[in-house]
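Read through the structure below, which is laid out as structure tokens, and then see the notes.
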Amino acid sequence: MTSPISLHDTGELLLPSPLQPFHPDWPGADKLNLFIKRDDLIHPVISGNKWRKLKYTFNALPAGCERIISFGGGFSNHLHACGFLCALSGLPFTAIVRGDYSTSLTPMLEDLYRWQADIRFVDKKTYKLRDDPDWLSALSQRYPGSVIIPEGGSQHLALKGVAEIVEECDVEFDHVIVPVGSGATLAGLITALKKPQSATGIAVLKGEAYLESLVENLLPPDTVMPAWQIHHQYHCGGYGKAPEELKAFCNDMQRSYNIPVEPVYSGKMFAAVKDMIANGQFSSGSAVLLVHTGGLQGAR
Ligand SMILES: *Cc1c(COP(=O)(O)O)cnc(C)c1O
């Protein structure tokens with residue numbers, strides 16, 4: 001039997017994560033109350049929102065769980081977090097990776113090998129089967145006693161962990177902003193808001209309509225949700241794309257405000273917020289919560 005991961009009890013996780021007022025020198029920002037929820041500070045390895053999303057899955061593994069299996073790309077923060085948590089809890093981990101990186105390991109994959117993960121490189125066509133019930137049941141048969149976590153940790157249990165971001169906040173806010181990859185973090189925040197609060201996701205990849213449907217599919221059915229939306233004009237060319245302007249913006253976040261951000265997720269979110277403020281998208285006097293989801297290990 002596996003024991004729950006007691007990172008929290010050993011003081012290794014910084015929770016609740018710090019909530020800090022943010023006063024950038026951006027046009028229009030002086031009329032708003034901005035706060036940053038520093039989930040990037042939760043843990044140096046487990047990227048901010050990945051702990052939120054995995055917490056309840058790892059703490060409620062069925063007795064007799066012998067292995068965790070999950071999916072991601074070669075640079076996946078999610079696989080990295082899963083591999084780390086498996087190593088801590090002494091559980092074998094199988095990472096199913098989209099594309100063959102065997103001759104060009106990324107820093108994340110190198111870590112996974114160090115943590116004794118079993119890495120399977122699959123082609124794009126096979127990877128597409130990751131949610132196919134027949135393929136998944138064949139996978140379970142091949143690895144008896146395994147728990148399969150979907151790509152990005154995107155499952156209903158993830159929402160409960162993410163909702164704690166809002167529960168930890170002791171300030172009133174009107175809007176919450178977060179980057180969107182698989183959509184589970186945005187979905188979890190939506191479930192925790194009370195009308196008239198609203199949520200805005202910043203898409204880091206090109207995927208109009210598709211991202212909205214990922215979020216909708218995760219939300220509990222038949223409940224009245226607060227207003228939410230995804231902005232699609234801030235992905236800077238797509239996932240992992242980092243034009244010079246964005247890199248300069250990330251450097252400036254560090255230099256001027258002492259907030260480390262990376263160009264894949266958090267940099268795009270902060271740059272979007274700067275633009276939204278300049279365009280008058282928040283009414284004067286509103287309080288806006290910016291969720292810093294971490295990802296700094298991924299900037300290597
Ligand atoms: C994975 C990740 C996200 C995206 O979260 P989703 O729940 O997949 O939308 C955002 N920020 C960082 C730093 C991440 O690693």
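Just so you know, residue 1 is the first one in the sequence shown, and it goes up from there.
Atom CG in D118 sits 13.0 Å away from atom CD1 in I68 (nearest 0.5 Å). How far CG of L79 is from CD1 of I96: 9.5 Å, rounded to the nearest 0.5 Å. Distance check, rounded to the nearest 0.5 Å: CG of L290 to CZ of R38 gives 11.5 Å. Note that CD1 of I46 and SG of C82 are 10.0 Å apart. Values are rounded to the nearest 0.5 Å. The structure places CD1 of I148 at 11.0 Å from CD of Q155, a figure rounded to the nearest 0.5 Å. For the atom pair OG1 (T126) and CZ (R98), the distance works out to 11.5 Å, reported to the nearest 0.5 Å.
Side chain to side chain, S137 and D134 fail the donor-acceptor criterion of an N or O pair below 3.5 Å. Between the side chains of R52 and T185, no donor N or O sits under 3.5 Å from an acceptor N or O. In this structure, a donor-acceptor pair under 3.5 Å is present between the side chains of Y127 and E151.
Counting only distance, with no hydrogens or angles, the side chain of Q197 and the backbone of F173 share a donor-acceptor pair below 3.5 Å. With hydrogens and angles disregarded, a donor-acceptor distance shorter than 3.5 Å links the side chain of E212 to the backbone of A209. Side-chain atoms of Q116 do not come within 3.5 Å of backbone N or O of P92 as any donor-acceptor pair. Under the 3.5 Å distance criterion, the side-chain polar atoms of S286 are left unmatched by any main-chain donor or acceptor of F282. Distance alone, capped at 3.5 Å, is enough to place a donor-acceptor pair between the S70 side chain and the I149 backbone. A donor-acceptor pair under 3.5 Å links the side-chain atoms of E262 to the main chain of S266, judged by distance alone. No donor-acceptor pair under 3.5 Å is formed between the side chain of D252 and the backbone N or O of A248. For S198 (side chain) and H175 (main-chain N/O), no donor-acceptor pair under 3.5 Å exists by modelled atom type. Using a distance-only test at 3.5 Å, with no hydrogens or angles considered, no donor-acceptor pair links the side chain of S154 to the main chain of P150. A donor-acceptor pair under 3.5 Å links the side-chain atoms of K53 to the main chain of G152, judged by distance alone.
Under the 4.5 Å side-chain criterion, counting only non-hydrogen atoms from C-beta, L205 is in contact with L211. Residues T191 and K160 fail the side-chain proximity criterion, which asks for heavy atoms closer than 4.5 Å. No side-chain heavy atom of R120 sits under 4.5 Å from any side-chain heavy atom of F71. The shortest side-chain heavy-atom distance between P226 and K194 does not fall under the 4.5 Å cut-off. Side-chain contact between I177 and M269 is present, with at least one heavy-atom pair separated by less than 4.5 Å.
A distance below 6.0 Å separates the ring centres of H292 and F270. Ring centroid separation for the pair W115 and F84 comes in under the 6.0 Å cut-off. A ring-centre distance under 6.0 Å is not found for F22 and F35.
Ionic pairing of K125 and D123 is not present here: no N-O contact between side-chain nitrogen and carboxylate oxygen is shorter than 4.0 angstrom. A salt bridge is absent between D132 and R130; no separation between the charged side-chain nitrogens and carboxylate oxygens falls under 4.0 Å.
A continuous path of hydrophobic side-chain contacts links L85 to Y113 [ILVMFWY only; heavy atoms under 4.5 Å].
In the displayed structure, E167 atom CD is contacted under 6.0 Å by more than 12 heavy atoms of other residues, nucleotides or ligands. Residue Q233 places its CD atom among more than 12 non-hydrogen atoms of other residues, nucleotides or ligands, all under 6.0 Å distant. More than 12 heavy-atom neighbours from other residues, nucleotides or ligands sit within 6.0 angstrom of CG on N279.
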Quiz item: Where do S17 and D39 land on the side-chain hydrogen bond (donor to acceptor under 3.5 Å, both in side chains) test, with the steps shown first?
Solution: CA-CA 6 Å; S17 66; D39 269 21; 2.7 Å; yes
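The aromatic rings of Y101 and F75 stand perpendicular to each other, their planes meeting at an angle above 60°, with 30° marking the opposite boundary. Ring geometry for W26 against Y257 counts as perpendicular: the plane angle is over 60°, on a 0 to 90° scale with 30° as the lower cut.
Listed by first then second residue, pairs satisfying ring pair (Phe, Tyr, Trp, His ring centres under 6.0 Å) with a partner in residues 188-236 number zero, not counting sequence neighbours.
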